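The structure appears right after this line, and notes come after that.
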Protein chains: 2
Amino acid sequence: MSTRDRAVPDAGALDRLFGVLADPTRRRILETLVHAGPRTATELAGDFTITRQAVVKHLQVMADAGMVASERTGRDVRYRATTDCLATAVTWLLATGPAWDRRLARLRRS
Amino acid sequence: MSTRDRAVPDAGALDRLFGVLADPTRRRILETLVHAGPRTATELAGDFTITRQAVVKHLQVMADAGMVASERTGRDVRYRATTDCLATAVTWLLATGPAWDRRLARLRRS
DNA sequence: TCCGAGTGCAACCATCGAGTTGCACATCAG
DNA sequence: CTGATGTGCAACTCGATGGTTGCACTCGGA
């Protein structure tokens, strides 16, 4: 398939985006990075029973989806959340839901 | 499972929700049901190169996530989209994104 | 300089999931 | 009644993926 991604948000971008979000571990990693600031893979592995390697794999998938960015300082690499890409997901949800504007207004109010 | 809708979306609901959304075929099915109205599995199978059985499987997964509802009339079953549940996904996205309000305002304007 | 802590890469395993085929059952139309 | 169309269920293939272990490499500090 030559259908890559490009400016049009659909196809692979949404796949990767929602694919990352579909995993609870990945969501927890994202939440941790968002709320507790940048962390290294080993630090994250301390919080999540699983191995550092598994965390690294998750982070790679997330990086591929544009959800995290790695930044090396010395010998350790810290990952930070780049939540801008989540706008793509929200855009799709807004385009798909039939009567979103009212609901959305309610959500924003809370 | 007794884990239904709660104020705080439980992990399983988000798993199923984003899990459904992660598949391009499933997204297209949802879009079709939203924009073209209720359809049967065989009708949907006509639009999507894949088998009716595959479509049925997708629909079952989507129903399990609360994204579609089946309604039988005579011998054929038509599925309709129930997009209310997507609010859960939006809620999580809003809670996770750090500075969503401005971005959201921009999105709503378009 | 040398050791320990952190990272990267690769092989490997088990499971999940998308998709298929085949067939039995139900229902509508002639 | 009988055939055609539609649905439901089950078994199977096969690739993707989450997770592991093991090892080599790099960097910082005592």
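Just so it is clear, the values below take in all heavy atoms, side chains as well, and ignore hydrogens, waters and symmetry mates. Remember, it's a predicted structure, so these values are computed and weren't measured experimentally.
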Next item on the list: Test A/Met67 against A/Thr83 for side-chain contact (heavy atoms from CB on, under 4.5 Å), laying out the working first.
Entry: CA-CA 6 Å; A/Met67 217 170 276; A/Thr83 51; over 6 Å; no

Note to self: Should the side chain of B/Arg52 and the base of D/dG8 be counted as holding a donor-acceptor pair, with the cut-off at 3.5 Å?
What the structure shows: yes

Check: For the base of D/dG19, is there a side-chain donor-acceptor partner from A/Lys57 under 3.5 Å away?
Finding: yes

Next item on the list: Mind running a 4.0 Å heavy-atom check of residues 69-76 of chain B against DNA chain D and sending the residues that fall below it, in number order?
Entry: B/Arg72, B/Arg75, B/Asp76

Note to self: Using a heavy-atom cut-off of 4.0 Å across all strands, would you classify B/Arg26 as base, sugar-phosphate, or nothing?
What the structure shows: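 The answer is sugar-phosphate, as B/Arg26 gets under 4.0 Å only of primed atoms, P, OP1 or OP2.
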
Margin query: Give me the atom names and distance for the closest heavy-atom approach of A/Ala45 to A/Val55.
Written below: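 Heavy atoms of A/Ala45 and A/Val55 come nearest at CA-CG2, 3.8 Å.
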
Item checked: Least distance between heavy atoms, A/Pro38 atom then A/Arg80 atom ->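 Nearest pair, atom of A/Pro38 first, then A/Arg80: CG-CB, 3.8 Å.
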
Once you round it to whole Å, what is the distance between [atom2] of [N] and [atom1] of [X]?
| X | N | atom1 | atom2 | value |
| --- | --- | --- | --- | --- |
| A/Gln60 | D/dA16 | CD | C1' | 16 Å |
| B/Asp15 | D/dT17 | CG | P | 16 Å |
| B/Arg27 | C/dA18 | CZ | P | 13 Å |
| B/Asp64 | C/dC16 | CG | C1' | 15 Å |
| A/Arg39 | C/dG6 | CZ | C1' | 16 Å |
| B/Arg78 | D/dG8 | CZ | P | 13 Å |
| B/Ile29 | C/dA18 | CD1 | P | 11 Å |
| A/Gln53 | D/dC23 | CD | P | 13 Å |

Next item on the list: Would you indicate whether the side-chain heavy atoms of A/Leu86 and A/Leu21 approach each other to under 4.5 Å?
Entry: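 The answer is yes, as the side chains (C-beta and beyond) meet within the 4.5 Å cut-off.
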
Check: Within the structure, does a side-chain N or O atom of A/His58 lie under 4.0 Å from either OP1 or OP2 of D/dT17?
Finding: no

Checklist line | Phosphate contact (D/dG6 OP1 or OP2) by B/Thr42 side-chain N/O below 4.0 Å | finding: no

Item checked: Donor-acceptor under 3.5 Å (B/Thr88 side chain, B/Cys85 main chain) ->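 Judged by distance alone, yes, a pair lies under 3.5 Å.
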
Next item on the list: Would you sort out whether A/Ser70 and A/Leu59 count as a side-chain contact (heavy atoms from CB on, under 4.5 Å), showing the intermediate values?
Entry: CA-CA 9 Å; A/Ser70 61; A/Leu59 287 169; over 6 Å; no

Item checked: Pairing of B/Asp47 and B/Arg28 as salt bridge, 4.0 angstrom limit -> no

Checklist line | Closest nucleotide among D/dG19, C/dT20, C/dG8 to the A/Thr51 side chain | finding: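 Side chain of A/Thr51 sits closest to D/dG19.
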
Next item on the list: Among D/dT20, C/dT7, D/dG8, find the nucleotide with the atom closest to the side chain of B/Val77.
Entry: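 Among the listed nucleotides, the one closest to the side chain of B/Val77 is D/dG8.
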
Check: When you match A/Thr49 and B/Thr40 each to their closest nucleotide on DNA chain D, which lands nearer the 5' end?
Finding: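 Looking at the nearest nucleotide for each, B/Thr40 comes out on the 5' side.
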
